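Have a look at the structure below before the remarks.
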Amino acid sequence: MTSDHGILEVRIAAPAEHAAHIAQLLVTERLAACAQVLPGMTSTYRWDGEVVSSDEHLVLAKSHRGRFDRICERVGEVHPYETPEIIAVPVIDASASYAAWLLAEIGGGEPL
């Protein structure tokens, strides 16, 4: 499938106790077709003028660019951080069968 399919991998860093809930929520609400939770990540970043480190999990949600704004909104409602990391990486290519399955699971690429 060509790169104009609009599929994204949305990356969300979250504390361990929130990551699985975020993944479940995104799939249940058809904002993502699937989401994996990768444990054991330490993030180091500057916040309020201090350098801090946090143990986190990484949620990898497969979705479409038409769902990204709603994903940001929903994650913001349930994520404990004031400014959670929510970034999208375009999927350059995907097998036709996977892309078709993904789009079917989220109801297409139209914004909600």
Side-chain angles (χ1 to χ4, degrees):
M1 178 158 266
T2 63
S3 61
D4 63 352
H5 49 63
I7 294 174
L8 302 175
E9 179 179 77
V10 181
R11 300 176 182 183
I12 303 157
E17 62 273 17
H18 295 273
H21 172 68
I22 290 169
Q24 183 76 29
L25 177 77
L26 294 177
V27 174
T28 298
E29 294 186 5
R30 294 191 180 269
L31 297 172
C34 68
Q36 293 104 1
V37 177
L38 304 178
M41 178 175 79
T42 301
S43 294
T44 302
Y45 51 94
R46 187 175 300 279
W47 187 255
D48 288 335
E50 306 272 329
V51 175
V52 296
S53 293
S54 300
D55 292 329
E56 296 176 314
H57 284 13
L58 182 63
V59 179
L60 302 175
K62 309 317 180 296
S63 192
H64 186 273
R65 73 172 73 95
R67 298 286 196 266
F68 185 71
D69 289 344
R70 183 68 180 130
I71 288 170
C72 291
E73 185 179 312
R74 281 302 278 139
V75 170
E77 291 169 3
V78 300
H79 201 290
Y81 294 174
E82 181 181 330
T83 307
E85 176 187 322
I86 309 167
I87 61 173
V89 179
V91 173
I92 295 171
D93 221 339
S95 71
S97 59
Y98 181 82
W101 168 81
L102 186 149
L103 294 173
E105 288 302 310
I106 63 171
E110 296 302 312
L112 292 176

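Numbering of residues begins at 1 and proceeds along the displayed sequence. Just so you know, these numbers come straight off a predicted model, no measurement behind them.
Linking ILVMFWY residues whenever their side-chain heavy atoms come closer than 4.5 Å, directly or via other members, leaves Val10 and Leu58 in distinct clusters.
The minimum heavy-atom distance linking Glu9 with Lys62 is given by the pair OE2-CE, 3.3 Å. Considering all non-hydrogen atoms of both residues, Ala14 and Ile22 come closest at CB-CD1, 3.9 Å. The nearest pair of heavy atoms linking Val27 to Ala33 is CG1-O, 4.0 Å. Here the closest heavy-atom approach between residue Val59 and residue Ala19 is recorded as CG2-O, 3.7 Å. Minimum heavy-atom separation, Ala13 to Glu56: CB-OE1, 3.6 Å. Considering all non-hydrogen atoms of both residues, Leu102 and Ser63 come closest at CD2-O, 3.7 Å.
Among residue pairs with one or both ends in residues 71-91, those qualifying as salt bridge (charged side-chain N to carboxylate O under 4.0 Å, His left out) are Glu29-Arg74, Arg70-Glu73, Arg74-Glu77; sequence neighbours excluded. Residue pairs meeting the ring pair (Phe, Tyr, Trp, His ring centres under 6.0 Å) criterion with at least one partner in residues 78-102, sequence neighbours excluded, are His79-Tyr81, Tyr98-Trp101.
Side chains of His64 and Leu8 form no contact here, defined as non-hydrogen atoms less than 4.5 Å apart. Two residues are said to be in side-chain contact when any heavy atoms from C-beta on lie closer than 4.5 Å; Leu26 and Ile12 meet this criterion. Val51 is not listed as a side-chain neighbour of Tyr45, based on a closest heavy-atom distance of 4.5 Å or more. Counting only heavy atoms from C-beta outward, the side chains of His18 and Val78 never approach each other to under 4.5 Å.
In this structure, Leu60 CG and Arg11 CZ are separated by 6.5 Å, a value rounded to the nearest 0.5 Å. Rounding to the nearest 0.5 Å places CG of Asp69 at 11.0 Å from CG of Leu31. How far NE2 of His57 is from CD of Gln36: 14.0 Å, rounded to the nearest 0.5 Å.
Residues satisfying the ring pair (Phe, Tyr, Trp, His ring centres under 6.0 Å) criterion with Trp47, sequence neighbours excluded, are absent altogether.
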